[in-house]
Amino acid sequence: MFDNHRPDQSFPLLVKMLDAQQSLSIQVHPNDENARKFFAEPNGKTECWYILAAKPDSVAYYGHQAQSAAEMQKDIKNHQLGSLLTTIKVKPGDLIYVPAGILHALGAGIVALEIEQSSDNTLRFYDFARIDPVTGKQRPIQIDKAIAVTNFPNHIPDEKLIQPVVDFDNPAITSILRSPYFQISRIKVVGKTQITHQHYSINVVTEGSGTLVCDNQEYQIETGMTFIMPTPIKNYWFKGNLTIIQANE
């Protein structure tokens, strides 16, 4: 069903819908090498956000200004982490690529589709002193481990990875991210669009409604629905007026 994956392997990608009614915790994920080195896990977690909705002036925390781990440790000790964090404004339709090793968090008022490597390894730098309603205590943070997997100095990914590229053979498809771990496309359907793929894909309907046609069967799809097209299905069609975010390896 999934290219180059054994039946006993974990599903290769995670897809989540995040509704940040308040700012999420400042966190970082290890890359593949650090996941194996520090956590005995097979892979790290590189991810991306596709912004579905955002209140005016919403921002995401993205990266830092520290030149070294020692500088960051000093500012954390002096309760000045906030002065090191950098933010970016976001709006619906933005694609933000978050490679492993970059400090990040969604700010309040943002709804985002998150696509990432299959890993639950998350290290918190800061959680805004929130109290966990279950334990009655602040949630744990992992500053030493987080610093060990953070990029110094901050490394911003190559812009070429996230430059939109329209498919010459099918203008309804725009590639919006080409990373070593996953490919993300936006499909805008007006009327009828045929899709031809050699690989499996995860599909999320982000706007509109319509019909998926495959193997002579029709399936009604609408905003919020998620479905997987397995590798054996090479050709299928979308009909209607809708936007789909599609991910595969």
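The chain is numbered in sequence order, starting from 1.
- Between Asp32 and Gln117, the side chains place a donor N or O and an acceptor N or O closer than 3.5 Å (distance only, hydrogens not considered).
- Donor-acceptor pairing under 3.5 Å is lacking for the side chains of Ser119 and Asn43.
- Side-chain atoms of His29 come within 3.5 Å of backbone N or O of Asn121 as a donor-acceptor pair.
- Checking side-chain atoms of Thr150 against main-chain N and O of Ala146 turns up a donor-acceptor pair under 3.5 Å.
- Between the side chain of Asn170 and the backbone N or O of Ala172, at least one donor-acceptor pair lies under 3.5 Å.
- Using modelled atom types, one finds no donor on one side chain facing an acceptor on the other under 3.5 Å when comparing Glu114 with Tyr50.
- With hydrogens and angles ignored, the 3.5 Å screen pairs a side-chain donor or acceptor of Thr86 with a backbone N or O of Tyr62.
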Test log, rule side-chain contact (heavy atoms from CB on, under 4.5 Å), inputs Ile195 and His197: CA-CA 7 Å; Ile195 307 296; His197 275 309; 3.2 Å; yes
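- Just one residue in the list Val90, Val111, Leu106, Leu95 forms a side-chain contact (heavy atoms from CB on, under 4.5 Å) with Trp49, and that residue is Leu106.
- Within 6.0 Å of the CD atom in Glu33, the count of heavy atoms belonging to other residues, nucleotides or ligands does not exceed 12.
- Under the 3.5 Å distance criterion, the side-chain polar atoms of Asp94 are matched with a main-chain donor or acceptor of Lys91.
- Using the six-membered ring where Trp is involved, Tyr97 and Phe182 have ring planes that are perpendicular, over 60° apart on the 30 and 60° scheme.
- A donor-acceptor pair is defined here as one N or O able to donate and one able to accept, closer than 3.5 Å; no such pair exists between the side chain of Arg139 and the backbone of Ile131.
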side-chain contact (heavy atoms from CB on, under 4.5 Å) between Ser58 and Ile110, intermediate numbers included: CA-CA 7 Å; Ser58 292; Ile110 300 173; 3.7 Å; yes
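- More than 12 heavy-atom neighbours from other residues, nucleotides or ligands sit within 6.0 angstrom of NZ on Lys234.
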Candidate pair Asn203 and Gln246, rule side-chain contact (heavy atoms from CB on, under 4.5 Å), full reasoning: CA-CA 5 Å; Asn203 300 265; Gln246 184 176 83; 2.7 Å; yes
Asp132 and Lys137: CA distance, side-chain angles, deciding distance, salt bridge (charged side-chain N to carboxylate O under 4.0 Å, His left out) verdict: CA-CA 5 Å; Asp132 187 324; Lys137 301 178 181 179; over 6 Å; no
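- If you check the side chains of His199 and Gln183, you find no donor sitting under 3.5 Å from an acceptor.
- Although no hydrogens or angles enter the test, the distance criterion places a donor-acceptor pair under 3.5 Å between the side chain of Asn31 and the main chain of Asn34.
- One N or O on the side chain of Asp167 and one on the backbone of Asp169 form a donor-acceptor pair closer than 3.5 Å.
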Audit row: Ile88, Ile96, side-chain contact (heavy atoms from CB on, under 4.5 Å) steps and yes/no: CA-CA 10 Å; Ile88 52 176; Ile96 302 172; 3.9 Å; yes
